[in-house]
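Report on the following structure.
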There are 2 protein chains.
Amino acid sequence: MGHSADAGLRVVQWMGNAVRLLDQRHLPQQECWLDCNDSDAVATAIHAMVVRGAPAIGIAAAYGAVLAAQSAWAGWPAVATRDVTASAAFDAALRRLAAARPTAVNLHWAVTRVRAEVTSTADDPRAVCLAVARAIEAEDLAANRRMGELGADRIAPGSRVLTHCNAGALATAGHGTALGVIRSAFARGQIEAVYADETRPWLQGARLTAWELLRDGIPVTLLADAAAAWAMHSGRIDWVIVGADRIAANGDVANKIGTYMLAVAARANGVRFMVVAPTSTFDPACPGGSAIPVEERAPEELLEVAGRRIAAAGVSAWNPVFDVTPASLIDVIVTEHGCIDRPDAEGVRALLATAGLLPAAE
Amino acid sequence: MGHSADAGLRVVQWMGNAVRLLDQRHLPQQECWLDCNDSDAVATAIHAMVVRGAPAIGIAAAYGAVLAAQSAWAGWPAVATRDVTASAAFDAALRRLAAARPTAVNLHWAVTRVRAEVTSTADDPRAVCLAVARAIEAEDLAANRRMGELGADRIAPGSRVLTHCNAGALATAGHGTALGVIRSAFARGQIEAVYADETRPWLQGARLTAWELLRDGIPVTLLADAAAAWAMHSGRIDWVIVGADRIAANGDVANKIGTYMLAVAARANGVRFMVVAPTSTFDPACPGGSAIPVEERAPEELLEVAGRRIAAAGVSAWNPVFDVTPASLIDVIVTEHGCIDRPDAEGVRALLATAGLLPAAE
């Protein structure tokens, strides 16, 4: 279950009247699937990190919107597409979906796209939402395959790469962003070694990235997050390759806590730094990293490991789950519409304009 | 048990015919004490990290040498101090003690000092060893108090400090090195906030530093190791304060894995970086960091947390437990004989010469 010949692992699946999610909190020990029967259950699952990874969150939210439309317009066409009560209920459900995680912009992007499509037609909103959700999923998979090739073009044969958190099939419609590049480069025989940070506090590297890469026969070596800089200093790493949760108009990148640490260490050690993200991750309305909201989660995530209390009683914790890497520390951002080398506001604007996502610069 | 009005917590205690160690593997949940009845049991406890922290390891090894002398010269004076068989057994035991951890130079320093004292006299080797061990312990406590004052002199009122691993009373004869400076500065009212990295894989920050500081009424906030650089970038930190396991002749510092990451991030963000270590931590015979042996430990330490497997099956791990911070990234090294600002080979030599630990430079 959850696999297809086409995309490999698919962590978000549309079941007709439910959204089925691979519950990543139980990996790698158990492969549990959770069926969400209404949009609020999807929002709760997103907040609880049943599903995580910016693109996968966007896809889950889009299918969650289908459930919201099914509920609001159960009586369609007797209840019209522009019925005030139905529209209000739908909008409220979309707002709850959008609020489930504050940092990942794909979530807002997906919800906004669904809402725009529904309000631009008098067709059955349930069918409209489903078509949008399926399109978002298909586009994400195609984008990841394209990014995999574009990113692999930058990787010299014999490269040793380091990744952080999980920006793989588990975080997307399939293939992955950062892991998509690693998969594509590995398939070409360019990768000599893959290192993965364990990624405290959720241990996505140890639990998810290791599981996902080994499942595809790609050897991977775990290391403590604090050892990554030393690995670079010791000459073990050629490229750091990570995903993104939001990219500002100036190229600043919000991603899993620890990404900034990697970027600083990479620059200090002559290691190259690649961000892989679809254009849905860009937030042109956000001028720079300081305007990106950074989610802080409960202290318990640090005070406990695998449900067991580890920290001394009475201690407090600061638990930001994202950080912002300045564009100046990034060598290249890989998107499905091409690469932005040494990103800055001009480079981001040019790429988005070329892709038809912005008015062309005058 | 294990406390004294004078030194606070004492983690290594001489019991007359055994060395009693606070088993730090069980903190903070349990305060277990382990009695080692011969020197090999002490070596095993050092290797297993029952006792850890470079100065505490040195003190434990010195008391372990007393047990070795009691065994080798049980028949003294009928068995003479220079008896070949007894001396060979004693030397072999010292070699096993010295081999228990490769990186901490205090261990070798303590063992070498014990051996030199025993071979320079015909007195009862058991009494000689005990006197040396007691002296090493007393000198360490006095050094820590002195370093606490010297380090605190550098800390401006209202400072926010970050520490890594545990360089506290638990790692020394008492007061601590890095935590000694924090204790002294806190007592003067200079500290606004203490942050502690959790310090994977052994979680010494979450388990030990938090426990030790809270026990003294010093509030502390934990953070993930990967969040430390972001804390600096966010303007939350004024000083990074760490201990050391070995300092090379050029001022390069071997310390817990992650220290190098902190130093790189501190320099990039205008945060000051202080190393606190007694002169016994210096290894004048070691020209630079690349000559320091860096201990790598079992992958299981990363693949499991608190005895529970967390990582995906089949994954390998790279588990260096120390790294080397270049002297160029260090603002000041605080010793019991004074401070070395912007350390380099000349500064290290001058300090050690002033302290009478080297011939004066010509």
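A, B, ... follow the sequence lines: proteins, then strands. Residue 1 opens every chain. It should be emphasised that the depicted structure is a prediction, and the values quoted were computed from it without experimental measurement. All heavy atoms count here, side chains included; hydrogens, waters and symmetry mates do not.
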Report the C-alpha distance between B:Glu198 and A:Leu302 in whole Å, list the side-chain angles of each, state the deciding distance to 0.1 Å, and finish with yes or no for side chain to side chain contact (heavy atoms under 4.5 Å, CB included).
CA-CA 8 Å; B:Glu198 63 170 1; A:Leu302 269 175; 3.6 Å; yes
At a 4.5 Å cut-off on heavy atoms, which part of B:Arg207 comes close to chain A: side chain, backbone, both, or neither?
both
Could you tell me which portion of B:Ala196 (side chain, backbone, both or neither) has an atom closer than 4.5 angstrom to a non-hydrogen atom of chain A?
neither
What are the two closest non-hydrogen atoms of A:Ala265 and B:Val264, and how far apart are they?
CA-CG1, 4.2 Å
The interface call for B:Val294 against chain A, heavy-atom contacts under 4.5 Å, is side chain
Let me know if B:Arg236 has heavy atoms under 4.5 Å from chain A in its side chain, its backbone, both or neither.
side chain
Over 60° means perpendicular and under 30° means parallel, so tell me whether A:Tyr260 and B:Trp230 are parallel, tilted or perpendicular.
perpendicular
Segment of B:Leu303 engaging chain A (4.5 angstrom heavy-atom cut-off):
side chain
Counting only heavy atoms closer than 4.5 Å, note whether B:Ile310 contacts chain A via side chain, backbone, both or neither.
both
Does the B:Gln29 side chain pair with the main chain of A:Arg309, one donor and one acceptor, at a distance under 3.5 Å?
yes
Given the options B:Val324, B:Thr325, B:Asp225, which has more heavy-atom pairs under 4.5 Å with chain A than any of the others?
B:Val324
Quick check on B:Asp323 against chain A: is it the side chain, the backbone, both or neither that has a heavy atom closer than 4.5 Å?
both
